[in-house]
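All chains are named by letter (A, B, ...) in the order of the sequence lines, taking the proteins before the strands, and each is independently numbered beginning at 1. Atom set for the values below is all heavy atoms of this structure, side chains included, hydrogens, waters and symmetry mates excluded.
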2 protein chains.
Amino acid sequence: MNDVHLLLGVQLVKAYTGSMGIAERKERQRAELREQILRVARDIVVKEGFPALSMRKLADAVEYAPATLYLHFENREAIAKELCVRGFQELLAMLEPAAQVEDPLERLPKLAEAYVRFGMEHPETYRLIFMEDAKLSTALFGDHPEGPGPRSFGVLVQVFVDLLSAGRLEEGTKPEQLAEVLWAGVHGIVSLRLTCTGFPGTPADELTQVLVTTLVKGLPGLKAGRAQKKVR
Amino acid sequence: MNDVHLLLGVQLVKAYTGSMGIAERKERQRAELREQILRVARDIVVKEGFPALSMRKLADAVEYAPATLYLHFENREAIAKELCVRGFQELLAMLEPAAQVEDPLERLPKLAEAYVRFGMEHPETYRLIFMEDAKLSTALFGDHPEGPGPRSFGVLVQVFVDLLSAGRLEEGTKPEQLAEVLWAGVHGIVSLRLTCTGFPGTPADELTQVLVTTLVKGLPGLKAGRAQKKVR
DNA sequence: CGTCGTTCATGAACGGTGTTCACAAACCAC
DNA sequence: GTGGTTTGTGAACACCGTTCATGAACGACG
């Protein structure tokens, strides 16, 4: 490789790579600007929320004219979509450690806790991914089946697949359905906390525990007794 | 021109109520216009979603100048807030029949089903209430403690209060926590269906059933056995 | 070295948004 | 009819996302 990332070095390379070196540099600079735009955009979203991300403000922040942004992204939504993908990758990364716990029944609460924690620690990112625009989240699952979306969901499914294949769940149980229920549960917790901020409510982590233990063991000490005379 | 806006019976009333009748009429007309604005706004939201509700479009639809809207509402958000309250009242109304089932264990699935059905049948209204802006949903719970928000939540709490007071739940169980978990579950189901439209997913009503039975009875046929040798 | 063609960046504009405000018209009381 | 209050409005302001012709920089080539 070339020693220095200077213009000089590039032209030396060009001496024997032909015009390829200079094209490389231009490509690298292009990618770098694209990356910078995304970095700044992320900052704005995290700090002020997605609705506050305007093309003009973003252009100002990266010190380019607004029109320049359109040389690197088709439109504002394209930027949002990219931020979504990256946010979802962060979420997946947060799930990963929990996903490696061996016993599925230990793994389950850890996954749930990690999921909720991500939502509470990155509220604006979470909002962007799941609550801002249907087109964004839809793209995460519909576009390519091996993106972070389906992969994260797969992690949840795996819990129940493992339980099932170890003979610890009733046969015929559908792991995907249980995973969906779990997902709905944790998403519900995060999502309600993020929108209905005025609600009294149990702290999110405590609520997550209740959710998981209830899903696993059912209502605590439930007596199935038939309806006696009305008590209300 | 003005005979369009004129209401016939009013002048008769004025004949013996003196100047009070005319003030009444004006007040009524004022309220009527306010109501019409809200009606039209609701139509737009239901048909095209809340982001498509612009003051200019709304003004056009009610055949007034945009500035006129500000004589009846402080701003766009005030309109949204009012639509939220009314939407939530609809939701509460949908819960009401289910809420009157006597046996709490029968009531629970019916409530869940009604909640989810509302979300699926009025997606844009549901979005507006719970997913559009934190300030909106927050206001529903924080502003006045006897609005449809807290009341709806109360209906969910009642299920577990009834179970508890009938001695069918372990003592020390907190009904509010269970209600929150249930709420998070159904909200999660609706909310995921509304945003991640591309997701394969079980139909919402079926998923609701799985959620409820799992919350009540726990994982189907779960064997608590300790982790055997890894199967993965 | 100069010229040419491509790439990159931009200012200005278009049509949209929420909101405000000075002004005018309608209306009722006197 | 006159005055005062209510009701309605057009025009403006400051934003927004997006487009497009114009211009500048730059590498390739003669």
Side-chain angles (χ1 to χ4, degrees), chain A residues 7-8 10-15 17-34 36-37 41 44 48-81 132-133 135, chain B residues 1-7 10-11 13-15 17-34 36-37 41 44-45 48-81 132-133 135-136:
Chain A
L7 305 173
L8 305 173
V10 179
Q11 274 152 2
L12 291 179
V13 175
K14 168 182 137 199
T17 337
S19 55
M20 226 24 211
I22 153 105
E24 263 173 35
R25 191 209 54 186
K26 289 189 108 179
E27 179 52 36
R28 191 171 53 236
Q29 282 179 346
R30 203 183 144 74
E32 225 162 68
L33 178 49
R34 197 188 135 95
Q36 195 203 342
I37 293 175
I44 296 180
E48 316 177 40
F50 176 65
L53 176 70
S54 85
M55 297 300 270
R56 284 177 162 92
K57 190 192 288 189
L58 179 53
D60 251 27
V62 295
E63 301 185 277
Y64 279 90
T68 304
L69 300 181
Y70 290 86
L71 298 179
H72 297 266
F73 297 92
E74 194 191 339
N75 49 28
R76 187 178 114 110
E77 198 183 314
I79 299 180
K81 220 182 273 188
E132 212 57 68
D133 191 342
K135 273 174 288 187
Chain B
M1 163 94 176
N2 55 4
D3 41 345
V4 184
H5 294 237
L6 220 81
L7 296 176
V10 182
Q11 278 151 355
V13 178
K14 170 183 129 194
T17 343
S19 57
M20 219 31 210
I22 150 104
E24 264 174 34
R25 189 209 54 184
K26 287 190 110 178
E27 179 52 38
R28 192 172 50 239
Q29 282 179 347
R30 205 183 144 74
E32 223 162 70
L33 178 49
R34 198 188 134 96
Q36 194 204 344
I37 293 174
I44 295 180
V45 168
E48 317 176 40
F50 177 65
L53 177 70
S54 87
M55 297 301 270
R56 285 177 162 90
K57 191 194 286 189
L58 179 52
D60 251 28
V62 295
E63 302 185 276
Y64 279 89
T68 305
L69 301 180
Y70 290 85
L71 298 179
H72 298 267
F73 297 91
E74 195 190 338
N75 48 29
R76 186 179 115 111
E77 197 183 314
I79 299 180
K81 221 183 273 186
E132 212 59 67
D133 191 341
K135 273 174 288 185
L136 296 180

Exercise. Check the pair B/His72 / B/Arg30 against side-chain contact (heavy atoms from CB on, under 4.5 Å), numbers first and verdict last.
Key: CA-CA 8 Å; B/His72 298 267; B/Arg30 205 183 144 74; 3.9 Å; yes
Please give, in whole Å, the distance from [N] [atom2] to [X] [atom1]?
X	N	atom1	atom2	answer
B/Glu27	D/dT6	CD	P	12 Å
A/Met55	C/dT17	CE	C1'	17 Å
B/Ile79	C/dT17	CD1	P	14 Å
A/Lys57	D/dC15	NZ	P	11 Å
A/Tyr64	D/dT18	OH	P	20 Å
A/Gln29	C/dT6	CD	C1'	16 Å
B/Asp60	C/dG16	CG	P	11 Å
A/Glu32	C/dC8	CD	C1'	16 Å

Self-check item: B/Leu33 vs B/Tyr64 side-chain heavy atoms within contact, under 4.5 Å
Solution: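 Yes, close enough: below the 4.5 Å cut-off.
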Quiz item: Could you give the distance from CG (A/Leu53) to CD1 (A/Ile79), rounded to the nearest 0.5 Å?
Solution: 6.5 Å
Exercise. Could you grab the distance from atom CG of B/Leu58 to atom CZ of B/Arg76, nearest 0.5 Å is fine?
Key: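 Separation between the atoms: 10.0 Å.
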Quiz item: Which heavy atom in B/Leu69 sits nearest to a heavy atom in B/Met55, and how many Å separate them?
Solution: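 Residues B/Leu69 and B/Met55, closest heavy atoms: CD1-O, 3.3 Å.
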Self-check item: Which atom of B/Ile37 lies closest to which atom of B/Phe73, heavy atoms considered
Solution: CG2-CE1, 3.7 Å
Practice problem: Could you check A/Arg56 against A/Leu69 and say which one's nearest nucleotide on DNA chain C is further toward the 5' end? | Solution: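 So the residue in question is A/Leu69.
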Under 4.0 Å between any heavy atoms, over every strand shown, what does [X] touch: base, sugar-phosphate, or nothing? Just pick one.
X	value
B/Arg30	sugar-phosphate
A/Leu53	sugar-phosphate
B/Ser54	sugar-phosphate

Practice problem: Compare the minimum distances between each of D/dT18, D/dG10, C/dT10 and the side chain of A/Pro66, then state the nucleotide with the smallest one. | Solution: D/dT18
Quiz prompt | Close residues, residues 70-77 of chain A, relative to DNA chain C [heavy-atom separation under 4.0 Å] | solution = A/Leu71, A/His72
